[in-house]
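Naming convention: chains lettered A, B, ... in sequence-line order (proteins, then strands); numbering from 1 in each chain. Side chains included, hydrogens not; waters and symmetry mates left out as well; all remaining heavy atoms used.
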There are 2 protein chains.
Amino acid sequence: MTAAADGRVARRSLSLAFDGSALWLLDQTRLPDVEEWVEASGAESAAAHIRALKVRGAPLIGVAAGLSLACVARSGAPRAAFEAGAATLRAARPTAVNLMGAVDRVIGAAARAGDAWREEAVREAVVLFDEDVALCDRIAAHGAALISDGEGVLTHCNTGGLATAGVGTAFGALRRAWEGGTRLHVYAGETRPLLQGARLTAWELARLGVPHTLVTDSMAGALMGAGKVHRVLVGADRVARNGDFANKIGTYAVAVLAHHHRIPFHVVAPSTSFDPTCASGAGIPIEERDPAEVRGASGAFGRVRWAPEGTPTWNPAFDVTPAELVTSWITERGVLGRGDLGGG
Amino acid sequence: MTAAADGRVARRSLSLAFDGSALWLLDQTRLPDVEEWVEASGAESAAAHIRALKVRGAPLIGVAAGLSLACVARSGAPRAAFEAGAATLRAARPTAVNLMGAVDRVIGAAARAGDAWREEAVREAVVLFDEDVALCDRIAAHGAALISDGEGVLTHCNTGGLATAGVGTAFGALRRAWEGGTRLHVYAGETRPLLQGARLTAWELARLGVPHTLVTDSMAGALMGAGKVHRVLVGADRVARNGDFANKIGTYAVAVLAHHHRIPFHVVAPSTSFDPTCASGAGIPIEERDPAEVRGASGAFGRVRWAPEGTPTWNPAFDVTPAELVTSWITERGVLGRGDLGGG
């Protein structure tokens, strides 16, 4: 096996490029102003990019990790280096379930393959990519079918091609509706404190030519009050058995606002985000992050602090929205109502 | 009359210092990191500071304009220069009602005074200051009485000593409650896009030693869901006859969230903010501001843009909250319920 590109297994997405032996990632920390690709063909470099948030989004991180392991297998490195690479990747983000699952699958496929372990590692990583693309396509098709011509749709955070290997979840539904000829207008909430909506979703929307408007999170209520929002689509980090779900901080407020304005509110996520071990939202732990994120903003655009130094903050990364506020859960299996869920 | 300081008419507030012949303003654009005072003893300099937002908050702008005219009168300048100064100040912010009212009163007092016009201009400007201080004190006393020991209180934007010559309105109520021995915890919403909560309210709270926590606007819902907020106090830019009111963008969302969580929501404003010519919130025009404010943030802390250049935005400066979401309106006259209002 050579290190040359292998067209049969080459895969490319908005933010990931694999030529059969080398992997490149779009550095999301440089967006939206700079589109720079960084190589991630080894487990060490991929793990470093994951730690540095150059690649983000649970599904995308999993696929990137799998493909970086495929690169190691393809490079002619000894089996011990391949196994060590898996350990390095697992340690890059210990709480990322997709990352663990992807590494386990590539390692498992290699373990079952005997002498053909290198080819099997590559094949399994490519399957991971293809599965994510197909999953997004199915989810997006179900979501897109809900959107009517002329709708204004509010979304929060980023759930598109910068979070998955495919078209995304909530973002994918918007994209597929637009590509299918549905005239819609997307309102992107900026998503403080880390600004994924302003930095990433606005960039993806502009790139695709989808009509859109960026608003601060504080404007979501006034936007609904002004009659501009007909539907809300958001992603989910974890969905409990009863339908409660955790997602980026600010999602819960948007759900309450949508409920007050009788605006349909949809959660868009693969069925793998549904956690059967979790009875309700109360069982979902919420990570609290660095106060510096609330005191200002930082990224490739610069680093500023506008609050007094040392100001006490509260900075949960996620919040939990109860099932009562959700109109439907959109997965690859279709559009689920509360009656379709397993229940608490 | 000399230009020397006159102790009898000297006045000082958190952000304004008048010694009888010279006026200094705390430059709010430099806060919270730098406390720099700028001279505003002439109409030209005061108007420039108003235009540059070094002084902000409708009541404070009015008092500052009045005192700067007093400085002109006190300087020995000819009457024509005094009248020209009034015109310069009026033009600094043509839509600011308090500014117009303050200038009119100082000019009117001088006009009625004959030869003693210089003394009368100073006297009237000092009365403006004292009236604002007394007004804040009465409002704050009514508001403070509502707050119980141990409460978490959420506020939005800045309504304190950086917006008035006194203790402020919503902020004044929190301050007076704290000074009166009520243990409370203030949650300050950062107030995107201009960040008055993060920059100014957090600074005032820290200065007074009031326990507080800064949150992004997107966290208000989760904060209420977590049971940390027992009351919301906000200011108002204009209150309609039926109780609908306009205030900083984001206020409406906080009101809806409070309503959903059955948390008392109070509007704190002087009765002069009640507009008898305005039947309901529908009659309140909303200024739309520069898209650059939503695409990033700027101030003395720096200037950053995180959204793609040219991203379309919606940037209303204010939103309107309907009376149904308001528990009570707190003015210098007391705590009003819906039945106490004039009605639509």
Side-chain angles (χ1 to χ4, degrees), chain A residues 31-33 156 187 189-193 195 198-199 202-203 206 211-226 228 248-257 259-261 291 294-297 299 301-316 319-320, chain B residues 31-33 156 187 189-193 195 198-199 202-203 206 211-223 225-226 228 248-257 259-261 291 294-297 299 301-316 319-320 322:
Chain A
L31 292 178
D33 286 345
H156 191 65
Y187 292 95
E190 68 177 14
T191 318
R192 281 278 293 148
L195 300 160
R199 289 179 50 241
W203 178 82
H212 64 284
T213 298
L214 176 66
V215 294
T216 66
D217 303 317
S218 62
M219 292 168 191
L223 196 66
M224 292 182 190
K228 294 176 191 281
K248 185 63 55 196
I249 183 72
T251 302
Y252 171 62
V254 172
V256 170
L257 291 165
H259 182 76
H260 181 83
H261 294 89
V294 172
R295 292 179 195 138
F301 56 80
R303 173 182 291 271
V304 289
R305 176 182 52 76
W306 46 64
E309 202 154 12
T311 295
T313 70
W314 187 56
N315 188 18
D319 56 27
V320 173
Chain B
L31 293 177
D33 286 346
H156 191 65
Y187 292 95
E190 67 177 13
T191 319
R192 279 281 292 151
L195 300 160
R199 289 179 50 241
W203 178 81
H212 64 285
T213 298
L214 176 67
V215 294
T216 66
D217 302 317
S218 61
M219 292 168 191
L223 196 67
K228 293 175 191 281
K248 185 62 57 197
I249 183 71
T251 302
Y252 171 62
V254 173
V256 171
L257 290 165
H259 182 75
H260 180 83
H261 293 89
V294 172
R295 292 179 196 140
F301 55 81
R303 173 183 290 271
V304 289
R305 176 182 52 74
W306 46 65
E309 204 154 9
T311 295
T313 69
W314 186 55
N315 188 15
D319 56 27
V320 173

Pick from [options]: which one has the most heavy-atom pairs with chain A under 4.5 Å?
options: B:Trp306, B:Phe301, B:Tyr187, B:Trp203; value: B:Trp306
options: B:Pro312, B:Pro316, B:Gly296; value: B:Pro312
options: B:Arg295, B:Arg303, B:His259, B:Glu190; value: B:Glu190
options: B:Ala202, B:Pro322, B:Pro32; value: B:Pro32
options: B:Glu309, B:His260, B:Arg199; value: B:His260

Which atoms of [X] are under 4.5 Å from chain B, going by heavy atoms: the side chain, the backbone, both sets, or neither?
X: A:Lys248; answer: neither
X: A:Ala220; answer: neither
X: A:Leu195; answer: side chain

How close do [X] and [Y] get, heavy atom to heavy atom, and via which atoms?
X: A:Val215; Y: B:Trp314; value: CG1-CB, 3.9 Å
X: B:Pro193; Y: A:Thr216; value: CB-CG2, 4.1 Å
X: B:Ala222; Y: A:Ile249; value: CB-CD1, 3.8 Å
X: B:Ala198; Y: A:Pro308; value: O-CD, 3.3 Å
X: A:Leu214; Y: B:Ala307; value: CD2-CB, 3.6 Å

Report task. Identify, with sequence neighbours excluded, every residue that meets side chain to side chain contact (heavy atoms under 4.5 Å, CB included) alongside B:Ala255. Result ->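 Expected list: B:Phe265, B:Thr321, B:Leu325.
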Query raised in the report: Taking B:Ser218 for the side chain and A:Arg192 for the main chain, is one N or O donor matched with an acceptor at less than 3.5 Å?
Result: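 Here the side-chain-to-backbone pair exists.
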Query raised in the report: Just wondering, do B:Val294 and A:Met219 contact through their side chains at under 4.5 Å, heavy atoms?
Result: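 A side-chain contact under 4.5 Å exists here.
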Please determine, among [options], the option with the most heavy-atom pairs under 4.5 Å with chain B.
options: A:Val254, A:Thr251, A:Asn315, A:Leu223; answer: A:Leu223
options: A:Asp319, A:Leu31, A:Thr313; answer: A:Thr313
options: A:Asp217, A:Thr311, A:Thr213, A:Val320; answer: A:Thr213

Report task. Can you tell which part of B:Ala206 gets under 4.5 Å to a heavy atom of chain A, answering side chain, backbone, both or neither? Result ->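 Interface part for B:Ala206: neither.
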Query - Under the ring pair (Phe, Tyr, Trp, His ring centres under 6.0 Å) test, residues paired with B:His261 that sit two or more places apart - result: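 B:His261 satisfies ring pair (Phe, Tyr, Trp, His ring centres under 6.0 Å) with A:Tyr252 once adjacent residues are dropped.
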